[in-house]
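One structure below.
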Amino acid sequence: MMIKSNHAFHLVDQSPWPLTGAIGALMLTTGIVKWFHNFNMSLFIMGLIILSFTCIQWWRDISRESTFQGLHTLIVAKGMRWGMILFITSEVLFFFSFFWAFFHSSLAPTMEIGLMWPPTGIYPFNPIQVPLLNTIILLASGVTVTWAHHGLMENKFTQTYQGLIMTVALGGYFTLLQAMEYIEASFTIADSAYGATFFVATGFHGLHVIIGTTFLLTCLMRHKNCHFSSKHHFGFEAAAWYWHFVDVVWLFLYMTIYWWGS
């Protein structure tokens with residue numbers, strides 16, 4: 001039974017997903033600590049499963065609210081846009097701290113690392129090999145997601161579908177190459193300030209690539225089910241904004257850590 005409201009705002013219903021999400025996140029983080037200290041991944045995997053199922057159910061409910069129940073009015077969509085802008089701003093500051101740490105260590109190397117950067121014994125990656133290929137991949141994915149967005153605004157279903165498939169594929173390819181790069185690295189996160197700043201900065205960016213790829217994959221499934229229209233597709237816009245943010249951060253990482261820092 002639909003109840004007609006006399007306002008344009010969305011007052012959310014009671015939901016179990018914030019509680020299950022908090023439990024899953026607690027088990028995930030605690031499981032990571034247990035994994036590092038006891039080499040036991042059971043709690044980590046359990047938390048990951050709970051968090052994954054929570055995300056699927058929660059995203060399903062939000063899709064229903066926006067697509068079928070019409071609860072995401074223009075005013076609600078405006079608030080969500082500002083929320084996404086503020087979230088991306090917080091992510092910019094998050095990565096700013098990593099760049100700060102990198103330049104703090106690289107511009108004035110201490111005696112403990114041999115007064116030089118990269119430190120003695122560290123053999124960094126060649127910036128014109130896999131890192132350059134990853135840069136090309138992410139720039140290409142930025143083009144394909146923009147192509148998909150324009151296709152959606154012009155009611156071109158196939159163009160949007162193809163653009164999203166290519167973007168998701170490029171995101172997966174980037175993750176695969178970065179994983180291979182980590183496996184072949186001659187240094188670890190424990191190798192001085194260089195290893196710590198390199199793996200923390202690039203690792204968190206890789207995590208954001210995985211999140212963005214999942215975001216776009218969800219949009220691909222929703223687009224296939226005709227959830228978006230040329231005027232009502234903020235879920236896709238938010239994913240595209242996030243993906244462009246990931247692209248820009250990688251450009252800074254490539255220029256500073258891979259090219260200048262090596």
Side-chain angles (χ1 to χ4, degrees), residues 15-60 87 90-106 109-114 117-125 130-131 134 168 171-218 242 246 249-250 253 257-258 261-262:
S15 172
W17 311 131
L19 177 61
T20 60
I23 294 172
L26 176 62
M27 294 178 67
L28 183 72
T29 51
T30 309
I32 291 175
V33 175
K34 183 181 179 183
W35 178 19
F36 286 177
H37 286 274
N38 299 331
F39 303 102
N40 188 330
M41 295 179 62
S42 57
L43 188 61
F44 168 75
I45 293 174
M46 191 180 302
L48 189 64
I49 292 172
I50 293 175
L51 208 56
S52 298
F53 276 106
T54 298
C55 289
I56 292 170
Q57 302 279 19
W58 206 341
W59 294 342
R60 178 206 63 188
F87 169 69
S90 71
E91 293 284 273
V92 170
L93 298 176
F94 177 72
F95 276 97
F96 179 79
S97 64
F98 299 147
F99 287 109
W100 184 293
F102 177 79
F103 283 114
H104 173 79
S105 300
S106 61
T110 61
M111 186 179 299
E112 288 77 11
I113 58 175
W117 193 266
T120 305
I122 296 291
Y123 300 97
F125 292 101
V130 175
N134 270 340
V168 171
Y173 187 35
F174 176 93
T175 302
L176 178 63
L177 286 176
Q178 191 172 40
M180 293 174 60
E181 184 181 66
Y182 280 8
I183 293 171
E184 297 174 357
S186 62
F187 56 92
T188 69
I189 195 172
D191 287 327
S192 74
Y194 185 91
T197 53
F198 175 87
F199 280 104
V200 169
T202 59
F204 268 111
H205 177 268
L207 177 62
H208 282 68
V209 170
I210 294 172
I211 294 171
T213 304
T214 307
F215 202 171
L216 289 167
L217 182 61
T218 304
Y242 189 84
V246 169
V249 170
W250 174 257
L253 283 173
I257 294 180
Y258 283 101
S262 64

| query | Do T20 side-chain atoms and T54 backbone N/O form a donor-acceptor pair below 3.5 Å? | reply | no

| query | Going from CG on L28 to CD1 on I49, what distance comes out if it is rounded to the nearest 0.5 angstrom? | reply | 11.0 Å

| note | In this structure, OG1 of T188 is separated from CZ of F199 (nearest 0.5 Å) by 6.5 Å

| request: Kindly say whether the aromatic ring centers of Y258 and W250 come within a distance under 6.0 Å. | output: yes

| message | I'd like to know whether the aromatic ring centres of F204 and F98 sit less than 6.0 Å apart in this structure. | response | yes

| query | Would a 4.5 Å heavy-atom cut-off, applied to side chains only, mark F174 and T213 as touching? | reply | no

| remark: Interatomic distance, CE@M41 vs CD1@I32, rounded to 0.5 Å, equals 9.5 Å

| note | Residues L217 and V168: closest non-hydrogen pair is N-CG2, 3.9 Å

| Does the pair L216 and Y242 meet the rule for a side chain to side chain contact (heavy atoms under 4.5 Å, CB included), with working shown? | CA-CA 10 Å; L216 289 167; Y242 189 84; over 6 Å; no

| query | Is it the case that more than 12 heavy atoms not belonging to Y182 sit under 6.0 Å from its OH atom? | reply | yes

| query | Any side-chain heavy atom of Y173 sitting closer than 4.5 Å to one from Q178? | reply | no

| said: How close do G24 and I50 get, counting heavy atoms only, and between which atoms? | reply: CA-CG2, 3.8 Å

| remark: So CG of D191 and CD1 of I113: to nearest 0.5 Å the spacing works out to 12.0 Å

| said: So, taking the atom named CZ in F94 and the one named CZ in F87, what distance separates them when rounded to the nearest 0.5 Å? | reply: 10.0 Å

| query | For the residue pair Y194 and F102, is the inter-centroid distance of their aromatic rings smaller than 6.0 Å? | reply | no

| Any side-chain heavy atom of P16 within less than 4.5 Å of one from Q57? | no

| remark: A201 and I257 have their tightest heavy-atom pair at CB-CD1, 3.7 Å

| query | Minimum heavy-atom separation for S105 to W117, with atom names? | reply | O-CE3, 3.6 Å

| Any side-chain donor near an acceptor of the partner, E91 and H208, under 3.5 Å | yes

| Polar side-chain atom of H205 near backbone of V249 as donor-acceptor pair, under 3.5 Å | no

| field | Atom CE of M180 with >12 non-hydrogen neighbours under 6.0 angstrom | value | no

| said: Does F125 have more than 12 heavy atoms from other residues, nucleotides or ligands lying within 6.0 Å of its CZ? | reply: yes

| OG of S42 to NZ of K34: how many Å apart, nearest 0.5 Å? | 4.0 Å

| Which pair of heavy atoms, one from P118 and one from G261, lies closest together, and at what distance? | CG-O, 3.6 Å

| field | Distance-minimising heavy-atom pair for S52 and L48 | value | OG-O, 2.7 Å

| field | Side-chain donor or acceptor of N38 paired with backbone N/O of W35 under 3.5 Å | value | no

